[in-house]
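Everything below concerns the one structure shown next.
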Amino acid sequence: DAGVIQSPRHEVTEMGQEVTLRCKPISGHDYLFWYRQTMMRGLELLIYFNNNVPIDDSGMPEDRFSAKMPNASFSTLKIQPSEPRDSAVYFCATTGEFSNEQFFGPGTRLTVL
Amino acid sequence: GQNIDQPTEMTATEGAIVQINCTYQTSGFNGLFWYQQHAGEAPTFLSYNVLDGLEEKGRFSSFLSRSKGYSYLLLKELQMKDSASYLCAVRGTRSGNTPLVFGKGTRLSVIA
């Protein structure tokens, strides 16, 4: 398996633009987590899905952020409109029901100018 | 809520032993995890403790005391490649495989 795949790896955009981050989980993993990492706040959970259903989105900063998981092979995290304070590394991680190990994707480094 | 504390930075010498401490306060507990993260890379799983005691895995060991809300990661025979951030994380008690709450990490520098 190729592991968790995220795209793009780097994104530079201007304030006000829409940003879409993508994640392909490891096949068979039924939990998917979106995290954001900054120097100030560390690694924080934004939202997670179980069997494609959003379970907890209390970490989503505000209405500008939305996430979807239309099928078991794909998830998106969208920011619209983007702001400079959204600049961070966004990680997708997946795991199985009875696993204690979360597998992280390589992350998307987002810079909003 | 949950709060996880760990030192921001540590420095140790190649070949030595280093202990990275983590204390936590949580409304529930269902496991303590350690992850390693090299600069510019994703976190990778190191260890998991849910019962009190020491778990050993090669050069790395992790200890848990649930009554004290305390864990440590012990790294033996340090190598230069061990220079990385080490993240302590706690899982709550919700059913199913719930998310982790991470500390801000301890940046370890191994020097010659």
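Below, chain A is the first sequence line, B the second, and so on; all start at residue 1. The structure presented is a predicted model; accordingly, all values stated were derived computationally and were not measured.
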Tell me, side chain or backbone of A:Tyr35 under 4.5 Å from chain B's heavy atoms, or both, or neither? side chain

Nearest heavy-atom neighbours spanning A:Asn100 and B:Tyr48: ND2-CE2, 3.2 Å

For a quick test of reading the model, state the closest non-hydrogen atom pair linking A:Gly105 to B:Ala42 and the distance between them. O-CB, 3.1 Å

Quick check on the hydrophobic clustering: are A:Tyr31 and B:Phe45 connected, directly or via other members, by side-chain heavy-atom contacts under 4.5 Å? yes

A:Glu14, CD: over 12 other non-hydrogen atoms inside 6.0 angstrom: no

May I ask you to check whether over 12 heavy atoms, not counting those of A:Arg64, lie within 6.0 Å of atom CZ? yes

Are more than 12 heavy atoms from other residues, nucleotides or ligands located less than 6.0 Å from atom CD of B:Glu77? no

Counting heavy-atom pairs under 4.5 Å with chain A, which one of B:Leu100, B:Val50, B:Val101 comes out on top? B:Leu100

Heavy atoms only: give me the nearest A:Phe91-B:Gln37 pair and the separation to one decimal. CZ-NE2, 3.7 Å

Heavy-atom neighbours of A:Asn71 CG exceed 12 at 6.0 Å: yes

Pick one of side chain, backbone, both or neither for A:Leu45, based on which atoms fall under 4.5 Å of a heavy atom in chain B. side chain

If you draw a 6.0 Å radius around NZ in B:Lys68, do more than 12 non-hydrogen atoms from other residues or ligands fall strictly inside? no

With a 4.5 angstrom heavy-atom cut-off, is it the side chain or the backbone of A:Gln102 that approaches chain B, or both, or neither? both

Gap between atom CD of A:Glu44 and atom NZ of B:Lys104 - 0.5 Å precision: 8.5 Å

Within this structure, what is the OH-CD distance for the pair B:Tyr35 and A:Glu101, rounded to the nearest 0.5 Å? 6.0 Å

Should B:Leu46 and B:Leu78 be regarded as members of a common hydrophobic cluster, given that ILVMFWY residues are connected when their side-chain heavy atoms come within less than 4.5 Å of each other, either directly or indirectly? yes

Heavy-atom check, side chain of A:Leu43 versus side chain of B:Pro43, under 4.5 Å: yes

